[in-house]
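Report on one structure; see the data block that follows.
Computed from a prediction, not measured in an experiment: that's the story for all the values here. The basis for the numbers below is simple: all heavy atoms, side chains too, and nothing from hydrogens, waters or symmetry mates.
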Amino acid sequence: MTYKEIRANEEVNALLDKGNKNLGLLGFTDHSKAHCTHVAETAGHILKKFNYDAHDIGLAKIAGYMHDIGNAINRTHHAEYGSLLANEILRCSDLSAQDRITIVSAIANHDESTGGAVDAISAALIVAGQNRCAPQPCASKTESSL
């Protein structure tokens, strides 16, 4: 499983779309595929700057793209929900168990209110998720959308 393949994964993208829609109705900022792509690319860039190998960079990018899939279930504990969803999706891939667990652990620990950096992949994901240089659109609640 590669970063390119995970970005094209129908189930991952459906979860991201549903999560972003849910959060938009609740008044949260953008958590779309664009946000997840930005987080993935930034996490990869961070590890590249610290001379991590292409393998670890790829794992960080996969974790970065998938990190908010748990929002499709609920915002509270979305990291934990997301890690469980990611494990099920990645279990069917060609990733080794170690790589799958590294990704799942990074996703589970990316929300610092319930987790924290447990390795370089999760640290890069946490920093990348906090790196919002451009103003983020805020979904507006309208009576018709509720």
Side-chain angles (χ1 to χ4, degrees), residues 1-134 136-139 141 145:
M1 177 70 63
T2 65
Y3 171 57
K4 182 178 180 181
E5 290 169 331
I6 209 65
R7 285 189 62 196
N9 184 285
E10 183 180 349
E11 185 173 5
V12 170
N13 288 321
L15 287 163
L16 291 174
D17 289 341
K18 177 63 174 164
N20 190 49
K21 182 178 177 182
N22 290 351
L23 293 183
L25 291 171
L26 296 171
F28 283 84
T29 58
D30 176 58
H31 283 73
S32 67
K33 291 180 279 194
H35 160 73
C36 292
T37 299
H38 175 75
V39 170
E41 295 292 335
T42 302
H45 179 72
I46 290 167
L47 291 185
K48 185 175 182 178
K49 285 291 189 184
F50 285 98
N51 296 315
Y52 280 82
D53 62 25
H55 179 78
D56 285 342
I57 291 168
L59 296 180
K61 289 169 90 172
I62 291 170
Y65 191 72
M66 298 181 80
H67 82 281
D68 274 340
I69 61 176
N71 285 319
I73 296 175
N74 197 301
R75 177 63 183 172
T76 304
H77 299 292
H78 77 284
E80 294 89 338
Y81 291 131
S83 69
L84 295 172
L85 291 166
N87 190 54
E88 286 301 311
I89 293 166
L90 297 174
R91 186 180 300 250
C92 300
S93 74
D94 60 353
L95 287 171
S96 70
Q98 182 177 354
D99 286 348
R100 178 172 44 87
I101 291 165
T102 298
I103 292 166
V104 167
S105 177
I107 293 169
N109 285 289
H110 85 271
D111 184 341
E112 290 180 289
S113 69
T114 57
V118 295
D119 57 23
I121 307 297
S122 61
L125 179 55
I126 290 167
V127 173
Q130 296 171 345
N131 180 25
R132 290 191 174 201
C133 297
Q136 297 296 311
C138 195
K141 290 189 211 179
S145 69

Heavy-atom closest pair, residues [X] and [Y]:
{"X": "His31", "Y": "Cys36", "answer": "O-SG, 4.4 Å"}
{"X": "Ile107", "Y": "Ala86", "answer": "CD1-CB, 3.7 Å"}
{"X": "Ala63", "Y": "Ala106", "answer": "CB-CB, 4.1 Å"}

Set of side-chain hydrogen bond (donor to acceptor under 3.5 Å, both in side chains) partners for [X], sequence neighbours left out:
{"X": "Ser83", "answer": "none"}
{"X": "Thr76", "answer": "none"}
{"X": "Lys18", "answer": "Asn22"}
{"X": "Ser32", "answer": "Asp30"}

Find the distance between [atom1] ([X]) and [atom2] ([Y]) and round it off to the nearest 0.5 Å.
{"X": "Met66", "Y": "Ile6", "atom1": "CE", "atom2": "CD1", "value": "4.0 Å"}
{"X": "Ile62", "Y": "Leu125", "atom1": "CD1", "atom2": "CG", "value": "12.5 Å"}
{"X": "Asn9", "Y": "Ile69", "atom1": "CG", "atom2": "CD1", "value": "9.0 Å"}

Partner set under salt bridge (Lys or Arg N to Asp or Glu O under 4.0 Å) for Asp17, not counting sequence neighbours: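 Per chain and number, Asp17 pairs via salt bridge (Lys or Arg N to Asp or Glu O under 4.0 Å) with Lys33.
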
Residue list, salt bridge (Lys or Arg N to Asp or Glu O under 4.0 Å) with Glu5, at least two apart or on another chain: none

Any side-chain heavy atom of [X] sitting closer than 4.5 Å to one from [Y]?
{"X": "Asn13", "Y": "Leu16", "value": "yes"}
{"X": "Leu84", "Y": "Ile73", "value": "no"}
{"X": "Asn20", "Y": "Asn71", "value": "no"}

When the side chains of residues 87-95 are checked against the rest of the protein, which donor-acceptor pairs come out under 3.5 Å, sequence neighbours left out?
{"residue": "Asn87", "atom": "OD1", "partner": "Arg100", "partner atom": "NH1", "Å": "2.5"}
{"residue": "Ser93", "atom": "OG", "partner": "Leu90", "partner atom": "O", "Å": "2.6"}
{"residue": "Ser93", "atom": "OG", "partner": "Leu95", "partner atom": "N", "Å": "3.2"}
{"residue": "Asp94", "atom": "OD1", "partner": "Met1", "partner atom": "N", "Å": "2.1"}
{"residue": "Asp94", "atom": "OD2", "partner": "Met1", "partner atom": "N", "Å": "3.4"}

Side chain Ser122, main chain Asp119, donor-acceptor under 3.5 Å: yes

ring-ring contact (aromatic ring centres under 6.0 Å, His included) contacts touching residues 65-98 (sequence neighbours left out): His35-His67, His67-His110, His78-His110

Partners meeting side-chain contact (heavy atoms from CB on, under 4.5 Å) with Ala60 (sequence neighbours left out): Ala43, Leu47, Ile121

In residues 50-58, what donor-acceptor pairs under 3.5 Å come from side-chain atoms, sequence neighbours left out?
{"residue": "Asp53", "atom": "OD1", "partner": "His55", "partner atom": "N", "Å": "3.2"}
{"residue": "Asp53", "atom": "OD1", "partner": "Asp56", "partner atom": "N", "Å": "2.8"}
{"residue": "His55", "atom": "NE2", "partner": "Asp99", "partner atom": "OD1", "Å": "3.0"}
{"residue": "His55", "atom": "NE2", "partner": "Asp99", "partner atom": "OD2", "Å": "3.1"}

